[in-house]
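In what follows, every chain begins at residue 1, and chains take the letters A, B, ... in the order their sequences are listed.
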Amino acid sequence: MRREFAVPERGIGKPDFYQKASPTRPMLGIDQREWFGLWAGTVDALSQVEVVVYAGTSGWRLNFAGGWLFSDSIVPQTAQIDIERPPLPYLPFLLFAYAGQASMTWSDPAIIIVRENQNMRFLINNLDIAPHNYSLTCLGMEEKV
Amino acid sequence: MSEKEWRQIITKGKETKEEKIKVKEKPIKKPPPKPKDKLDLMLEEIQGVSNNLKRCEGKIDKLKEEKKGQEGG
């Protein structure tokens with residue numbers, strides 16, 4: 001007996017017609033796309049920089065999953081993450097201290113959503129009396145709304 | 001408030017873009033020094049006594065040498 005069928009596109013929520021287990025099943029659906037970024041630069045002694053990592057994108061929302069922040073100083077440093085949700089101004093949702101590197105990632109369903117009309121920024125402090133280099137990596141997933 | 005140039009590389013789906021961006025920078029106030037407690041003050045006093053002892057040892061050694069020199073001469 002012979003069977004024929006058209007194999008539909010893969011995606012979350014769609015039936016899986018593949019006849020064998022695939023070790024690399026896609027994790028993202030067709031209305032989702034990966035999002036990650038690297039920001040690198042210097043901060044002067046006893047100063048703070050504002051890095052806007054996400055400016056609301058029309059038609060999309062960001063599921064923010066965390067990241068890493070590295071500083072080449074040996075003194076403890078601090079940083080915070082703010083979200084601007086109009087009509088409210090930027091408000092912090094995470095304040096943290098670290099020595100060398102901070103990493104924080106979280107997974108579904110505990111994610112931070114940044115919507116179309118919202119923005120997210122990092123405020124990175126240099127508490128040392130010398131300038132230092134910083135490197136920030138953020139990751140997440142964008143979804144069509 | 002001043003501006004600094006940072007490097008930004010963002011990937012969205014299949015698209016990756018690298019560019020220079022301007023970030024705002026402002027000075028932050030250094031926290032005031034922690035007030036010294038009793039232990040800190042005691043440690044400072046001990047350190048001061050220790051430094052005085054070292055200075056005195058050096059003088060004692062010098063005087064001993066001078067005395068030897070006088071007795072020998």
Side-chain angles (χ1 to χ4, degrees), chain A residues 26 28-55 57 59-63 67 75-80 82 90 97 120-144, chain B residues 1-70:
Chain A
L28 300 177
I30 52 174
D31 289 339
Q32 298 170 331
R33 63 185 182 189
E34 58 195 331
W35 177 89
F36 55 90
L38 171 76
W39 292 262
T42 60
V43 183
D44 288 343
L46 298 172
S47 297
Q48 176 189 82
V49 297
E50 175 193 2
V51 182
V52 178
V53 300
Y54 193 80
T57 305
W60 294 86
R61 74 175 191 191
L62 172 67
N63 295 342
V75 304
Q77 299 284 14
T78 59
Q80 73 182 59
D82 299 348
Y90 270 112
M120 183 166 66
R121 71 179 181 187
F122 272 70
L123 294 179
I124 300 172
N125 300 318
N126 180 6
L127 304 181
D128 199 1
I129 54 172
H132 287 290
N133 298 309
Y134 290 77
S135 168
L136 169 67
T137 293
C138 293
L139 73 157
M141 181 260 286
E142 279 189 305
E143 265 185 319
K144 270 191 186 167
Chain B
M1 184 88 74
S2 61
E3 278 190 343
K4 270 203 163 329
E5 195 173 82
W6 273 44
R7 181 184 178 204
Q8 172 180 279
I9 306 173
I10 292 187
T11 295
K12 289 188 184 188
K14 293 177 185 171
E15 189 185 290
T16 296
K17 208 188 287 184
E18 178 176 2
E19 55 189 343
K20 301 277 185 201
I21 58 167
K22 295 281 183 202
V23 300
K24 291 179 194 167
E25 184 180 64
K26 66 176 188 183
I28 51 177
K29 286 183 188 173
K30 195 175 176 187
K34 191 183 114 181
K36 292 180 184 176
D37 58 17
K38 280 186 182 172
L39 184 61
D40 290 328
L41 293 168
M42 203 182 306
L43 287 169
E44 277 184 9
E45 205 176 319
I46 293 171
Q47 188 64 44
V49 168
S50 171
N51 291 341
N52 286 338
L53 277 171
K54 283 181 188 166
R55 254 201 318 272
C56 290
E57 274 173 17
K59 282 185 181 171
I60 290 170
D61 290 336
K62 206 174 165 184
L63 286 169
K64 281 182 182 172
E65 278 177 22
E66 280 177 10
K67 194 177 173 185
K68 271 187 191 168
Q70 283 173 357

Chain B contact via [X] - side chain, backbone, both or neither, heavy atoms under 4.5 Å:
X: A/Gln48; answer: both
X: A/Thr57; answer: side chain
X: A/Ile124; answer: side chain
X: A/Asn126; answer: backbone

### Query
When you check the side-chain N and O atoms of A/Gln77 and A/Tyr134, is any donor under 3.5 Å from an acceptor?
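Checked: A/Gln77/A/Tyr134 side chains pair up, N/O donor to acceptor below 3.5 Å.
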
### Message
For the CG atom of A/Asp44 and the OG atom of B/Ser2, what is their distance to the nearest 0.5 Å?
### Response
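Rounded to the nearest 0.5 Å, the CG-OG separation comes to 6.5 Å.
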
### Message
I need the B/Glu44 CD to B/Leu39 CG distance, nearest 0.5 Å.
### Response
10.5 Å

#### Entry: Options B/Glu5, B/Lys14, B/Met1, B/Arg7, ranked by heavy-atom pairs under 4.5 Å with chain A, top entry
B/Arg7

## Note on the structure
Heaviest contributor of heavy-atom pairs below 4.5 Å to chain B, chosen from A/Arg121, A/Arg33, A/Gln32, is A/Arg33

### Query
Using a cut-off of under 4.5 Å for heavy-atom pairs, which of A/Val51, A/Asn125, A/Thr42 has the most such pairs with chain B?
A/Thr42

### Pair A/Phe122 + A/Trp39: ring centers closer than 6.0 Å
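Not close enough - the centres of the two rings lie 6.0 Å or further apart.
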
### Query
If you draw a 6.0 Å radius around NZ in B/Lys24, do more than 12 non-hydrogen atoms from other residues or ligands fall strictly inside?
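At most 12 heavy atoms, drawn from other residues, nucleotides or ligands, come within 6.0 Å of this atom.
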
#### Entry: Neighbour count >12 (heavy atoms, 6.0 Å) for atom CD, B/Glu18
yes

### Message
Using heavy-atom distances under 4.5 Å, tell me whether B/Lys4 contacts chain A through its side chain, its backbone, both, or neither.
### Response
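For B/Lys4, the side chain is the part near chain A, not the backbone.
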
